[in-house]
Number of protein chains: 2
Amino acid sequence: MKENLKNKREKQIIHSALHVALNKGFENSRMDDIVKHSNLSKGTIYYYYRSKKDLYLSLVDHWFIEYSTGVLDTINKKNTASNQLKALFAYFIDQYKKSPSTFKIMIEFWRMSRLDKDFNTKLQKIYSQFLDYITEIILSGIEDNEFIDVNPRITALSILINIEGIKWFTIFENSDVEAHEYMDTITDFILNGLKKKSNE
Amino acid sequence: MKENLKNKREKQIIHSALHVALNKGFENSRMDDIVKHSNLSKGTIYYYYRSKKDLYLSLVDHWFIEYSTGVLDTINKKNTASNQLKALFAYFIDQYKKSPSTFKIMIEFWRMSRLDKDFNTKLQKIYSQFLDYITEIILSGIEDNEFIDVNPRITALSILINIEGIKWFTIFENSDVEAHEYMDTITDFILNGLKKKSNE
DNA sequence: AATTTTAGACTGACCGGTCAGTTTAAGCAT
DNA sequence: ATGCTTAAACTGACCGGTCAGTCTAAAATT
């Protein structure tokens with residue numbers, strides 16, 4: 001049960017780090033804020049993490065692990081490529097509704113990627129992982145004669161960028177448009193663009 | 001020529017602020033960095049801007065004014081709605097190639113919007129302006145029987161989000177896909193989705 | 001069974017540096 | 001003589017990280 005405590009503490013700290021970073025961003029979040037929110041001491045936090053940056057890099061990892069399994073589960077439940085894509089879009093909209101914070105924090109991650117090599121490397125790896133999942137779907141869709149012969153890499157990236165676009169709704173109020181309406185619309189555009197017309 | 005000096009100085013300072021923020025982001029940019037880069041004194045900078053935040057809010061304004069005129073020019077040169085949209089996409093890709101920094105800084109703006117009410121309000125206004133431009137195009141396309149009867153607001157937002165997606169390429173290297181390929185692909189998806197099929 | 005040792009977990013006051021913003025006293029331009 | 005500019009020193013709040021020491025529960029020794 002030794003391992004359990006370490007695990008528990010790490011989760012506790014990461015959870016607080018997320019909470020604080022959501023409200024203040026990386027630079028404005030104070031280690032003392034995390035101390036307060038986690039009900040741990042500063043010493044304990046530095047006992048588990050070597051530095052503020054180290055802690056936030058771990059937050060990225062946790063975020064990825066949580067998402068990665070969800071995405072794979074979602075994809076694997078469906079057969080056809082278009083159903084897989086649909087499920088993927090639906091999954092992210094669902095996640096957005098359940099906890100928008102996950103999308104909010106992505107903005108912080110993007111931003112850190114821009115400024116810091118280590119964040120960039122980490123994020124790049126994560127995204128290329130996601131890109132591979134999507135590329136795989138597109139490829140199988142083409143192989144099965146379900147999709148037209150597009151460039152899988154470009155298409156996958158377009159899809160990824162559109163999913164990322166959900167971030168928009170976490171920042172800007174938009175009385176007119178709901179996130180799921182956006183997602184539905186863009187899903188239609190993309191799937192109609194991909195699907196082979198049956199009568200030709 | 002009084003007005004001219006004020007103007008010149010403001011541009012000088014804003015330009016330096018942009019330069020510094022691009023490399024370091026808002027919090028990590030030091031007023032002394034701006035002092036150094038602008039070849040002005042700290043006193044002068046505080047003579048024209050009341051605070052760091054005030055300065056960066058002005059940067060947002062400058063950024064918007066520069067883009068807004070460009071966008072309107074681009075749109076007004078074309079007749080049909082689809083050509084206007086195409087020109088719009090092309091315009092942004094062109095801008096991205098000419099100065100990616102404009103897209104890089106957008107990430108910083110989004111991020112500040114998330115954290116600070118004043119940035120949020122400003123950005124929200126700017127984006128609703130852009131959204132209006134695009135909505136207008138869609139509406140005219142529908143009116144002229146060029147586009148199918150979509151929801152103009154949702155469609156406009158989808159387009160805007162896809163344009164914003166160019167940001168991606170400023171952060172993540174992507175040996176496979178170029179920004180213009182992404183833009184072309186998504187342009188096709190959207191325009192094909194919008195256009196009325198001539199034979200029905 | 002009682003005592004001592006050990007190691008991992010934890011504490012929080014404190015230090016050293018940082019930085020936005022101010023002040024000052026002088027210089028230049030118009 | 002007023003608007004603009006400078007260099008440099010200064011202030012004080014603020015914060016990441018440290019460190020000397022405490023606590024606890026289990027293991028080792030007696």
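Below, all heavy atoms of this structure are taken into account, side chains as well, without hydrogens, waters or symmetry copies.
- Here the side chain of B/Asp33 pairs a donor or acceptor atom with the backbone of B/Arg30 at under 3.5 angstrom.
- Salt-bridge check for B/Arg114 with A/Glu108: passed, with a basic side-chain N closer than 4.0 Å to an acidic carboxylate O.
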- Can you give one letter per nucleotide of nucleotides 14-22 of chain D, 5' to 3': B if a protein heavy atom sits under 4.0 Å from the base, S if only from the sugar-phosphate, - if neither? -SBBB----
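- One can place CG of A/Leu5 at 15 Å from P of D/dT24, the figure rounded to the nearest angstrom.
- We find that CD1 of A/Ile45 is positioned 15 Å from P of C/dA9, with the value rounded to whole Å.
- Between A/Tyr49 atom OH and C/dC10 atom P there is a gap of 13 Å when expressed in whole angstrom units.
- With rounding to whole Å, B/Gln12 atom CD is found 11 Å from D/dT5 atom C1'.
- When all heavy atoms are compared, the tightest approach of A/Leu88 to A/Val71 is CD1-CG1, 3.7 Å.
- Annotation: cation-pi pair A/Lys52/A/Phe26 present, NZ/CZ under 6.0 Å from the ring centroid and within 45° of its normal.
- Rounded to whole Å, the distance from CD1 on B/Ile34 to C1' on C/dG21 is 13 Å.
- For B/Tyr48, the listed nucleotide lying nearest its side chain is D/dC4; candidates were C/dG8, D/dA7, D/dC4.
- The CG-C1' distance, from B/Leu40 to D/dA8, rounds to 16 Å in whole Å.
- Ring centroid separation for the pair B/Phe130 and B/Phe64 comes in under the 6.0 Å cut-off.
- Taking the six-membered ring for Trp, B/Tyr182 and B/Trp168 have ring centres at least 6.0 Å apart.
- The separation between B/Arg9 atom CZ and D/dG3 atom C1' is 12 Å, rounded to whole Å.
- For A/Thr44 and C/dT11, the shortest distance from a side-chain N or O to OP1 or OP2 is below 4.0 Å.
- Going from atom OH of A/Tyr47 over to atom P of D/dC23 covers 18 Å, rounded to whole Å.
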